[in-house]
Structures are given as structure tokens and as C-alpha cells.
Amino acid sequence: MEGKPNRSNAAIGNKTSFSKKTSKRVWDSIAAYTVQCERCSKWRFIPTKEKYEEIRERLAEQPFFCETAREWRSDLSCNDEPDVIQDGNWRWAIDKPSIPQPPPGWQRILRIRAKGGTKFADVYYVTPSSKRLRSMTEVQSYLIEHPEYPCLTASQFSFQIPSPLEENYVRKRHARSITLHGDTTMRVNPTSWVGTLLHMLRIQLKVEVCEGSSAC
DNA sequence: GCCACCGGTGGC
DNA sequence: GCCACCGGTGGC
């Protein structure tokens with residue numbers, strides 16, 4: 001989590017929101033959102049998912065500085081200690097930049113999968129009528145079938161998922177061992193891709209760990 | 001029966 | 001190797 005220049009990162013507590021029409025609970029498995037200051041490289045918590053989505057959408061054109069956080073922390077500056085220090089209690093993931101904010105009334109939900117699976121996370125959109133859309137194909141079909149959203153296009157949706165900082169969180173497809181005669185050993189091919197992503201991406205999510213933590 | 005979660009795979 | 005998509009299924 002040491003600061004590299006020109007990156008930004010953000011965080012939210014495990015968030016439960018409610019569909020207005022159905023009061024159905026929708027869970028986001030993200031514990032916190034943080035953005036990195038472009039100037040001092042310190043990571044700053046972002047108070048809400050909505051604010052984080054707003055910052056993330058514009059980050060390429062509108063860099064984040066500690067002063068930006070004065071909207072919710074009036075006295076914050078680059079002289080203050082970083083909000084985030086790396087410890088063993090959290091998992092982190094690098095988010096993708098320039099993801100559009102979900103349309104008004106819609107939710108973009110990120111669900112983190114368990115460690116050792118074939119995929120780190122799933123993104124889905126919840127429509128104002130609480131329908132869950134899992135892919136761009138489903139979004140396009142939905143928009144065609146629902147002309148009440150004439151202004152929405154597929155370009156306003158993104159199913160990109162963050163990348164975990166923890167190496168080997170996701171089982172590598174080509175490193176899978178073939179299970180024979182009850183041998184369930186899993187081999188994972190180590191790579192250095194995390195370092196590469198750190199230089200390319202600008203946003204991180206803090207993912208809550210629920211492995212025996214009393215906080216869970 | 002529904003749905004959240006997960007795995008598999010085709011395409012790039 | 002990564003991503004997008006979607007089918008299967010276990011838990012409710």
C-alpha cells in the first residue's frame with residue numbers, strides 16, 4: 001500500500017442497500033473504498049459508495065487530491081497521516097478506472113467470491129424494478145424490452161471487476177491440477193501481474209476478510 | 001421455485 | 001492469460 005505517484009484509491013463499509021420498490025436487500029461485499037492522492041500518494045477513505053463511483057468515473061480527467069476529500073473532511077491535507085496502512089486484516093483489490101456511474105435508480109453490485117475459486121468477483125446491475133442483470137447481453141436485451149429507458153445505452157454499464165492484490169486469490173485456469181484418484185492438490189502458477197496492474201490502475205477497493213475475524 | 005454463488009469455456 | 005457469458009446447483 002505504499003504510495004506510488006499518480007494513483008488514487010477509495011472505501012465503504014459492508015454496505016446494504018434497499019431497492020426502493022421492493023425493499024429487497026441488496027448486498028455489496030466491499031468493506032471500504034479508498035482513493036490515492038495524486039500529489040502525496042496517501043490513501044483516503046471515501047465515505048459512500050456513490051461518492052466513490054462518482055470519483056472513479058472521472059478519475060482519468062479529474063485527479064483526486066487530499067483537498068478533494070474536504071467535501072466530507074474539512075481540515076484534511078497532504079500533511080495528515082494516510083487513512084490506510086496495509087495490514088493483514090484486509091484484502092485489497094485494484095479497481096478499474098472510468099467505470100460509469102450506474103444510472104439513477106439502478107445499482108451496480110460487486111460481489112467478491114471466496115478465495116480459491118475460478119474468478120475473483122461478479123458484477124451485476126439491479127434495475128429499478130429489482131431485476132438482476134449479469135452481463136452486457138442481458139443489459140442490451142433488457143433495454144430493448146423496456147423502452148421506458150430511452151436514454152440508456154450499453155455504454156453506461158460496465159461489468160469489469162477489480163483485480164485482487166493477493167497473489168493466488170484466484171485459482172489460475174491453466175494451473176489447475178487434474179484430480180485423479182482422490183488427489184485434490186491444487187497447484188497455482190505464481191506470476192508478477194499484480195505489480196504490473198499497480199502501475200496501470202488507479203483505484204483500489206478494500207475487501208472485507210471474513211475468515212475467523214471477530215469483525216465479521 | 002427462486003436466486004446467489006460458482007465453475008466452465010469460448011473468444012480474444 | 002484474461003474476460004465475458006451463461007449454465008448448474010445448493011440453500012432457502
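Note that the coordinates shown come from a computational prediction; the quantities given were computed from them, not determined experimentally. Numbers restart at 1 for each chain; the letters A, B, ... are given by sequence-line order, proteins then strands.
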**OP:** Using ring pair (Phe, Tyr, Trp, His ring centres under 6.0 Å) as the criterion, list what pairs up with A:Y142, not counting sequence neighbours.
**Re:** A:W106, A:H146
Protein-nucleotides 4-7 of chain C N/O pairs closer than 3.5 Å?
residue, atom, partner, partner atom, Å
C:dC5, OP2, A:M136, N, 3.0
C:dC5, N4, A:K119, NZ, 3.4
C:dC6, OP2, A:S135, OG, 3.2
C:dG7, N7, A:R134, NH2, 3.3
C:dG7, O6, A:R134, NH1, 2.5

**OP:** Please name all residues satisfying side-chain hydrogen bond (donor to acceptor under 3.5 Å, both in side chains) with A:Q160, sequence neighbours left out, ordered by chain then number.
**Re:** none
Subject >> Rounded interatomic separation in angstrom, taking OH from A:Y169 and P from C:dC2 >> reply: 16 Å
Original post:
Has the side chain of A:K49 got a donor or acceptor atom that lies under 3.5 Å from a matching backbone atom of A:R108?
Top reply: yes
**OP:** Return each pair, listed once, that meets salt bridge (Lys or Arg N to Asp or Glu O under 4.0 Å) where at least one residue sits in residues 133-144 of chain A; pairs must be two or more places apart or across chains.
**Re:** A:R134-A:E138
Original post:
In chain order, what residues pass the side-chain hydrogen bond (donor to acceptor under 3.5 Å, both in side chains) check against A:S155, with sequence neighbours excluded?
Top reply: A:T153
**OP:** For A:E71, enumerate each residue passing the side chain to side chain contact (heavy atoms under 4.5 Å, CB included) test, keeping only those at least two apart in sequence or located in another chain.
**Re:** A:K51
**OP:** Starting from the first five and the last five pairs of the helix from B:dG1-C:dC12 to B:dC12-C:dG1, work out the angle between the resulting helix axes, to 10 degrees.
**Re:** 10°
**OP:** Could you pull out all residues at least two apart from A:K119 that satisfy side-chain hydrogen bond (donor to acceptor under 3.5 Å, both in side chains)?
**Re:** A:D122
Subject >> Any residue meeting side-chain hydrogen bond (donor to acceptor under 3.5 Å, both in side chains) with A:E67, in chain and number order, not counting sequence neighbours >> reply: A:R39
